[in-house]
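The chains referred to below are lettered A, B, ... by the order of the sequence lines, with proteins before strands, and numbering in each begins at 1.
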Amino acid sequence: MPELPEVETIANGLNKRMAGDRIDSVWLGSKPEPLKSSAEEISSALEGAQVQRVRRVGKHIVFDLESGKNPGGGQWIVHLGMTGQMLVAAPETELPKHTHLVAKMASGRELRFVDPRRFGRLEVRQSSFSGPGSEPLQIGLEEFSRLFHRSKAPIKAALLNQKLLHGVGNIYADEALFRAHIRPRRRANTLTSAELRKLHAALQKVLQAAIAAGGSSISDYVDADGEAGYFQIQHRAYGREGKPCVKCKTPIKKIVVAGRGTHYCPECQK
DNA sequence: ATACCGACCTGTCAGC
DNA sequence: TGCTGACAGGTCGGTA
């Protein structure tokens, strides 16, 4: 589900509501839980911890924690996979199906991790988490160009590779390539410096615009308050198969690249 | 080393 | 109405 703009929206919402609050107790579902750390490690790291701050790194939500048990803090890392949600809710509201974790807060609210497909991952750690790659919103043009210069993969696949840039997913890869007039199947190392410049600018612009719109809600994405985003109405390629290109009216094509549905304009993108 | 492809899960929707 | 198959915002590990 969530890519950089959605995770950013969720993390900001959580930060607003949770910063300074304390986790009193943690309930974990008994199914094969979507955990990277063990259930005991998670409970023991979270219970009694105060949330200093919640922020986004790549597609991960990072809770900076402070507690007597873990002096100097520790971090709770959440990856939402395709369908994960982090919801702040009043305890009396109905617990959604597929709730895998509930943290009862000192304020009386509950933080709930809900994930039908269970692709999401929870992890606690002591060392500081920096993510697998570079931040798309911070990277400069030179470093950006260097990342893609060596890769023979299709540029779409390279954009999805979290070890290069982290945070870009299927929607924003298609949208950035559309806005930069580049075909998704172009080998990354065949892009000219002018094209790399356009892609760098297009990617940052589309991510910023999506954050401003609260992310894209295709089916089940909601922020920490359960509110949908509305950037999907500004999509120009993703999900527009057969519809006229907003620029030249040519029908948008859908193909498979890197195993993912990929949308582009055969006229505008070269 | 690099790059494709199925597997991991559940839900939904189109087509028969 | 109900079944089947394809597909979905992500990542990982195996294989070529």
Side-chain angles (χ1 to χ4, degrees), chain A residues 1-11 29-36 56-61 77-86 96-101 113-123 129 131-133 136 147-178 184-190 203 206-207 209-211 213-223 227-242 253-263:
Chain A
M1 161 176 59
E3 305 180 32
L4 186 152
E6 291 77 34
V7 179
E8 175 94 12
T9 303
I10 293 167
S30 57
K31 305 277 185 289
E33 295 130 0
L35 307 180
K36 278 175 100 170
R56 176 193 65 75
V57 174
K59 294 177 191 170
H60 303 261
I61 300 169
I77 316 293
V78 178
H79 192 294
L80 297 172
M82 287 278 247
T83 52
Q85 302 179 339
M86 286 292 255
K97 202 176 167 186
H98 305 299
T99 299
H100 305 300
L101 177 146
F113 173 62
V114 181
D115 183 17
R117 283 176 79 177
R118 309 218 307 270
F119 288 173
R121 291 292 176 265
L122 307 180
E123 180 186 4
F129 178 78
L147 282 184
F148 297 109
H149 203 65
R150 293 192 346 262
S151 172
K152 284 186 279 187
I155 182 61
K156 161 95 182 238
L159 282 170
L160 293 178
N161 182 349
Q162 302 295 297
K163 290 184 181 137
L164 301 176
L165 289 178
H166 59 202
V168 181
N170 207 32
I171 294 178
Y172 300 101
D174 281 6
E175 292 298 315
L177 288 169
F178 178 92
R185 277 219 239 261
R186 284 278 301 284
R187 302 277 141 183
N189 61 1
T190 69
L203 180 62
V206 76
L207 292 173
I211 291 169
S216 299
S217 289
I218 304 298
S219 62
D220 50 16
Y221 158 70
V222 291
D223 69 15
E227 298 292 326
Y230 51 94
F231 189 72
Q232 63 281 5
I233 62 178
Q234 293 181 58
H235 290 179
R236 298 181 196 167
Y238 184 86
R240 298 196 66 249
E241 181 186 10
K253 257 189 154 182
K254 183 175 180 189
I255 59 176
V256 174
V257 180
R260 316 295 304 277
T262 296
H263 315 72

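Residues A:Tyr172 and A:Glu6 bring a donor and an acceptor atom of their side chains to less than 3.5 Å of each other.
Under 4.0 angstrom from either OP1 or OP2 of C:dT11 there lies at least one side-chain N or O belonging to A:Gln162. Between A:Arg117 and C:dA8 there is no side-chain polar atom (N or O) within less than 4.0 angstrom of OP1 or OP2. Phosphate contact (OP1/OP2 of B:dA3, side-chain N/O of A:Lys163, threshold under 4.0 Å): absent. Considering only side-chain N and O atoms, A:Lys59 lies under 4.0 angstrom from the phosphate OP1 or OP2 of C:dG10. Note on A:His98: a side-chain N or O is less than 4.0 Å away from OP1 or OP2 of B:dG11.
Taking the C1' atoms as reference points, B:dA3 lies 23 Å from C:dG9, given to the whole Å. Between C:dG5 and B:dA7, the two P atoms lie 15 Å apart (nearest whole Å). The C1' atoms of C:dT11 and B:dT12 are separated by 22 Å, rounded to the nearest whole Å.
Within the 4.0 angstrom heavy-atom criterion, only backbone atoms of the sugar-phosphate kind lie near A:Gly169; the bases stay farther away. A:Pro154 comes within contact range of the sugar-phosphate backbone alone, with a heavy-atom separation under 4.0 Å but no base atom that close.
Across every strand in view, C:dG14 sits in a pair with B:dC4 that passes the Watson-Crick or G-U test at under 3.5 angstrom.
Note: NZ (A:Lys156) to C1' (C:dG9) measures 11 Å, nearest angstrom. B:dA3 atom P lies 10 Å from atom CG of A:Leu164, rounded to whole Å. Atom CZ of A:Arg185 is separated from atom C1' of B:dA3 by 14 Å (rounded to the nearest Å). A straight line from CG of A:Leu4 to C1' of C:dG9 spans 13 Å, rounded to a whole angstrom. Here the C1' atom of nucleotide C:dG10 and the CG atom of A:Leu80 are 11 Å apart, to the nearest Å. As rounded to whole Å, 7 Å separates atom P of B:dT2 from atom CZ of A:Arg150. For the pair A:Gln85 CD and C:dG9 C1', the interatomic distance rounds to 12 Å; values are reported in whole Å. Between the CZ atom of A:Arg260 and the C1' atom of B:dA3 there is a distance of 16 Å, rounded to whole Å.
Looking at A:Arg118, its side chain never comes within 3.5 Å of a backbone N or O of A:Thr83 through a donor-acceptor pair.
Residue A:Tyr221 places its side chain closer to C:dG9 than to any other of C:dG9, B:dC4, B:dG11. Listed candidates were C:dG9, B:dA3, C:dG10. Nearest to the side chain of A:Ser151 is B:dA3. When distances run from any side-chain atom of A:Tyr238 to the nucleotides B:dC8, C:dC7, C:dG9, the shortest one goes to C:dG9. Here the nucleotide nearest the side chain of A:Lys254, chosen from C:dG9, C:dA8, C:dT11, is C:dA8. When distances are taken from the side chain of A:Lys152 to each of C:dA8, B:dA3, C:dG9, the shortest belongs to B:dA3. Checking B:dA3, C:dG10, B:dT10 against every side-chain atom of A:Phe119, the shortest atom distance belongs to C:dG10.
The aromatic rings of A:His60 and A:Phe129 lie perpendicular to each other, with more than 60° between the two planes, well past the 30° mark.
Residues A:His79 and A:Val7 have side chains not in contact (no heavy-atom distance under 4.5 Å, counting atoms from C-beta outward).
Residue A:Asp174 forms a side chain to side chain contact (heavy atoms under 4.5 Å, CB included) with just one option from A:His235, A:Arg240, A:His263, and that option is A:His263. For the side chain to side chain contact (heavy atoms under 4.5 Å, CB included) with A:Ile61, the lone residue among A:Arg56, A:Met86, A:Glu8 that qualifies is A:Met86.
Contact annotation: side chain of A:Arg118 to base of B:dC9, donor-acceptor pair absent below 3.5 Å.
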